[in-house]
Every structure is written in C-alpha cells, then in structure tokens.
Amino acid sequence: MRERRYWLVKSEPSSFSWDDLWALPKRITHWDGVRNYQARNLLRDEMKKGDLVFFYHSSADPAAIVGIAEVVREGYPDASALDPQDEHFDPKSDAANPAWFVVDLKATKKLPRALTLAELRQTPGLEKMTLLQKGSRLSVQPVSSGEWEIICELAETG
DNA sequence: GCCAACGTTGGC
DNA sequence: GCCAACGTTGGC
C-alpha cells in the first residue's frame, strides 16, 4: 500500500454542491465531466482508493472548502464523454481508446465550518498551495500532507 | 458583469 | 512549430 495522498476537487454549487453529494444514496458520485488533460492524468493515474479529497465550492459566495470525500473507486473511463446526449460529450473520444476518466468519490465528513478562500490566503503554511496560486484553474489538484493537516486543524478552530 | 489567466484550436 | 484568436474558468 502506498501512502495516502490528498487532493482537492472544485465544483460549482449551482450545478453540483456538497449538499447534493451528501444527499445521494451512499453519498457516492462519479467525478465526471473533467475535460482538462492535467486533471485527467490525476484522475486516471494518481488518485488511489483511500486517498482523501477536499470538496471546494468555486464560483460561490463565498468560495470555500466545505467537506471531505474519499476515493472509493480508482480511474475508469468517463461514460459522459461517449454519450451524445450528455453536455460533456466529446466527439473525439471513443470507447476503444477513452480520452477522459473519472474516479468515484464518497462524502465522508462535513467540515465543522467552511474555510473560505480569503481565510486560506491568510493562513501561514499554505502559500504554495495550488489553489492559491495566481491564475490556478485546475479543477482536480494535489494537496500536500502538510497543507492537509493545516487546513483540517483550521476547520476545528476559530 | 467584468476581466485576467489559462488551455485549445487552427492557419500559416 | 509558432502564435493569434477564441472559449472557459473563476475571483471579485
């Protein structure tokens, strides 16, 4: 077993929120619709069962980390890319050689309080966090174990 | 709603 | 392979 790694995924709550995930049977969803190669590589190759994931609300008021999920199934092809009826359909992808991948995420813990982007920016130790880099738009991104601990502690205080 | 930053596309 | 144009993301 490799050591557990940590991640962050973004979702716009107007399309799919933390509460939406929490309300699902088993609180599990396919993390589909990602159409960025860097993020795809993480979904396909790097995110492993048991890894933990911050759930982040983007384009929200306020933008914030709101919960923790766990990877419960590792990378497999994204069916939405193959479905012409789906808004994420990609005509360049095909079943024999899928371009896009998903993992399954299960909501495991709602944070005691939301951690806003503004608060994260003011927190020592998070200066290098991918989320906080200027122009960072990656919707699936790695979080270091140090960053993970700082953020979890922050959620328990204040 | 604005706009900066980024990724992708396509002409050359 | 370069780079301008375009579409998207996402904070403010």
Side-chain angles (χ1 to χ4, degrees), chain A residues 5-24 29-47 51-71 74-105 107 109-144 146-148 150-155 157-158:
Chain A
R5 288 193 202 153
Y6 302 97
W7 310 95
L8 178 147
V9 298
K10 298 179 183 175
S11 187
E12 298 195 18
S14 58
S15 55
F16 187 76
S17 72
W18 169 260
D19 287 337
D20 292 335
L21 176 56
W22 195 261
L24 290 178
T29 190
H30 321 294
W31 204 254
D32 64 4
V34 173
R35 297 291 179 267
N36 168 283
Y37 287 104
Q38 204 177 339
R40 185 280 308 271
N41 292 345
L42 298 177
L43 291 167
R44 185 188 60 189
D45 305 328
E46 304 293 338
M47 298 176 79
D51 285 358
L52 297 180
V53 183
F54 283 134
F55 194 106
Y56 175 80
H57 279 167
S58 61
S59 296
D61 191 15
I65 295 174
V66 291
I68 293 174
E70 181 175 343
V71 178
E74 296 176 8
Y76 62 102
D78 183 345
S80 73
L82 306 174
D83 176 4
Q85 305 302 326
D86 195 284
E87 61 172 324
H88 297 296
F89 175 63
D90 179 2
K92 298 189 295 299
S93 185
D94 65 86
N97 189 21
W100 305 113
F101 285 75
V102 300
V103 298
D104 285 359
L105 295 180
K109 186 187 178 193
K110 184 178 173 112
L111 290 182
R113 64 191 187 88
L115 299 172
T116 67
L117 185 61
E119 182 174 3
L120 295 172
R121 286 197 192 286
Q122 293 169 5
T123 303
L126 300 182
E127 294 84 359
K128 292 183 177 173
M129 195 177 175
T130 303
L131 181 71
L132 305 184
Q133 301 314 302
K134 185 175 179 173
S136 168
R137 305 191 321 188
L138 202 55
S139 65
V140 177
Q141 54 181 257
V143 174
S144 76
E147 290 159 355
W148 184 273
I150 289 170
I151 291 167
C152 287
E153 278 177 30
L154 191 61
T157 62

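Naming: A, B, ... by sequence-line order, numbering from 1 per chain.
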Only distances under 3.5 Å count here; give the side-chain donor-acceptor pairs of residues 52-61 of chain A to other protein atoms, sequence neighbours excluded, each with its distance to 0.1 Å.
unit_1	atom_1	unit_2	atom_2	d
A/H57	NE2	A/W18	N	3.0

Checking [X] now: which residues fulfil side chain to side chain donor-acceptor pair (under 3.5 Å) with it, not counting sequence neighbours?
X      : value
A/S17  : A/D20
A/Y37  : none
A/R121 : none
A/D104 : A/H30, A/Y76

Salt bridge (charged side-chain N to carboxylate O under 4.0 Å, His left out): pairs with one or both residues in residues 124-138 of chain A, sequence neighbours excluded: none
Inter-axis angle, terminal five-pair segments of the helix from B/dG1-C/dC12 to B/dC12-C/dG1 [nearest 10°]: 10°
Just the endpoints, please: which first and last nucleotides of DNA chain B, 5' to 3', lie under 4.0 Å from a heavy atom of chain A?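 On DNA chain B, the outermost contacted nucleotides are B/dA5 to B/dT9.
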Under the salt bridge (charged side-chain N to carboxylate O under 4.0 Å, His left out) test, residues paired with A/E70 that sit two or more places apart: none
Any heavy-atom pair between the side chains of A/N41 and A/Q38 that's under 4.5 Å? no
Using a heavy-atom distance cut-off of less than 4.0 Å, which residues of residues 115-140 of chain A contact DNA chain B?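 Here the set is A/K134, A/G135, A/R137.
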I need the full list of side chain to side chain donor-acceptor pair (under 3.5 Å) pairs touching residues 77-87 of chain A, with sequence neighbours left out, sorted by first then second residue.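 Output for this query lists A/R35-A/D78, A/R35-A/S80, A/D78-A/S80.
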Contacts of A/Y6 meeting ring-ring contact (aromatic ring centres under 6.0 Å, His included) (sequence neighbours excluded), chain-then-number -> A/W148
